[in-house]
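A, B, ... follow the sequence lines: proteins, then strands. Residue 1 opens every chain. Owing to the predicted nature of the structure, the values given are computational and were not obtained by experimental measurement.
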There are 2 protein chains.
Amino acid sequence: MPAETTDLAQALRDAGLRVTHQRLSLLSLLMDASDHPNADELLARARAEDDSVSLATVYRTLAILEEAGLIRKLTLENEPARFESMPLAEHDHLVDIDSGEVVEIASEEINRIRKDLVEGLGYEIVSHTTLIRARKLR
Amino acid sequence: MPAETTDLAQALRDAGLRVTHQRLSLLSLLMDASDHPNADELLARARAEDDSVSLATVYRTLAILEEAGLIRKLTLENEPARFESMPLAEHDHLVDIDSGEVVEIASEEINRIRKDLVEGLGYEIVSHTTLIRARKLR
DNA sequence: CTTGTAAATGCAAATCACTCGCATTTGTCA
DNA sequence: TGACAAATGCGAGTGATTTGCATTTACAAG
């Protein structure tokens, strides 16, 4: 059994979740994905790989994995949500409005400023999402 | 006829749009609103004020006003979109996860850093939305 | 001030992205 | 190895938003 599989199964157990084909499949798909797939795309990939998975389970599993802090949901405008495995470093997302491609943007300085700003207002950040719609310069 | 009404009508005409009760009503509601209402709330307010407006028209009008750059749509997670009149100064939004309240956060420094960062990647920002989910500190 | 006409609206039905109910299957743990 | 709650598949259900179509309306032309 490959180490990675074991790790993912352990990650699920650590989160107090049962280890099922479907969960391992979706989690590993997201760990390996270099793009940001939506639920339909994940369903297609999961089915291509091996198992029978239903769309309902994809949604249920994604919600559970997000709850467990293993993945992250990106709520976009006018299109279904996309998902990514939980990033080690916080980053924002840039959507190329012509190609639809999503680019990740690191922003340690912004994160710090934002945190100070929010705390100055008497809040603590639970999570944040920045979505930048941009066009490639030529 | 009050000056404000004239201005709004002119803003519509400038955008190449016909001036209708419904559009004026929704636009002025958003200009005056201190909160960030969603489509249902706007429908209720528009109907309370005077006219008969349908939900379909509220959605159609909001889309058109957004297209014209007169208002802005906030796409939230797990709840219907909210709207605000186009802000003079860019700002981000903080959602109080306990009360649901939306607070606006000005951040000129962040805007500058973000702009530089994105341009460094060869993009120009078309628009951006930052949504911070936060909890009030006690 | 009427009128012609395309654009805007209201209504109800449709769509889209999810979510849920329930019968069946499957991890887990004793 | 069994017992049982948790997870899944399927299909029906929801909530937010959109669309088709008949009717009304803004507004340019006369």
Distance, rounded to the nearest Å, where [X] contributes [atom1] and [N] contributes [atom2]:
X        : N       : atom1 : atom2 : result
Glu41(A) : dC18(C) : CD    : P     : 12 Å
Ile64(B) : dT17(D) : CD1   : P     : 16 Å
Arg47(B) : dT9(C)  : CZ    : C1'   : 12 Å
Asn38(A) : dC18(C) : CG    : P     : 8 Å
Glu77(A) : dA17(C) : CD    : C1'   : 16 Å
Leu27(B) : dA8(C)  : CG    : P     : 15 Å
Leu12(A) : dG27(C) : CG    : C1'   : 12 Å
Asp40(A) : dC18(C) : CG    : P     : 8 Å

What does [X] touch in the nucleic acid at a heavy-atom separation under 4.0 angstrom: a base, only the sugar-phosphate, or nothing?
X        : result
Ala39(A) : nothing
Ala81(B) : sugar-phosphate
Leu55(B) : base

* **Common cluster, Met86(A)/Leu26(A), ILVMFWY with side-chain heavy-atom separation under 4.5 Å** =>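 No, no single cluster joins them.
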Are OP1 or OP2 of [N] and a side-chain N or O of [X] less than 4.0 angstrom apart?
X        : N       : result
Ser52(A) : dG9(D)  : yes
Ser54(A) : dC10(D) : no
Tyr59(B) : dT18(D) : no
Arg18(A) : dT26(C) : no

* Return the 5'-most residue of the pair Val19(B), Pro80(B) with respect to DNA chain D, ranking by each residue's nearest nucleotide. =>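 Looking at DNA chain D, the more 5' nearest nucleotide goes with Pro80(B).
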* Could you please name the option among dA7(D), dA26(D), dG10(C) that lies closest to any side-chain atom of Thr20(B)? =>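 Nucleotide nearest to Thr20(B)'s side chain: dA26(D).
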* To do: Please determine, for the side chain of Arg13(B), which listed nucleotide (dT8(D), dT17(D), dC27(D)) has the closest atom?
  =>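 The closest nucleotide is dC27(D).
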* Does the side chain of Tyr123(A) come within less than 4.5 Å of Leu137(B)'s, by heavy atoms? ->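 When only atoms from C-beta onward are counted, Tyr123(A) and Leu137(B) do not touch, as no gap falls below 4.5 Å.
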* **Side-chain touch His93(A)/Leu74(A), heavy atoms, less than 4.5 angstrom** =>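 Counting from C-beta outward, His93(A) and Leu74(A) do come under 4.5 Å.
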* Asked: Looking only at atom types and distance, does a side-chain atom of Ser28(B) sit under 3.5 Å from a main-chain N or O of Ser25(B), one as donor and one as acceptor?
  ->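 Between the backbone of Ser25(B) and the side chain of Ser28(B) there is a qualifying donor-acceptor contact (under 3.5 Å).
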* Using modelled atom types only, decide if a donor and an acceptor are shared between the side chain of Glu41(B) and the backbone of Asn38(B) within a distance under 3.5 Å. =>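 Judged by distance alone, yes, a pair lies under 3.5 Å.
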* Asked: Ignoring hydrogens and angles, does a donor from either the side chain of Arg60(A) or the base of dG9(D) sit under 3.5 Å from an acceptor on the other?
  ->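 When only heavy-atom distances are counted, Arg60(A) does reach the base of dG9(D) through a donor-acceptor pair under 3.5 Å.
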* Could you tell me, to 10°, how much the axis swings from one end of the helix from dC1(C)-dG30(D) to dA30(C)-dT1(D) to the other, five pairs per end? =>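 Nearest ten degrees gives 40° for this helix.
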* To do: Name the residue closer to the 5' end of DNA chain C, choosing between Gln22(A) and Val58(B) according to the nucleotide with the nearest heavy atom.
  =>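 Nearest-nucleotide comparison on DNA chain C picks Val58(B).
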Salt-bridge present ([X], [Y]; N to O < 4.0 Å):
X         : Y         : result
Lys115(B) : Glu119(B) : yes
Arg72(A)  : Glu90(A)  : yes
Arg45(A)  : Glu49(A)  : no

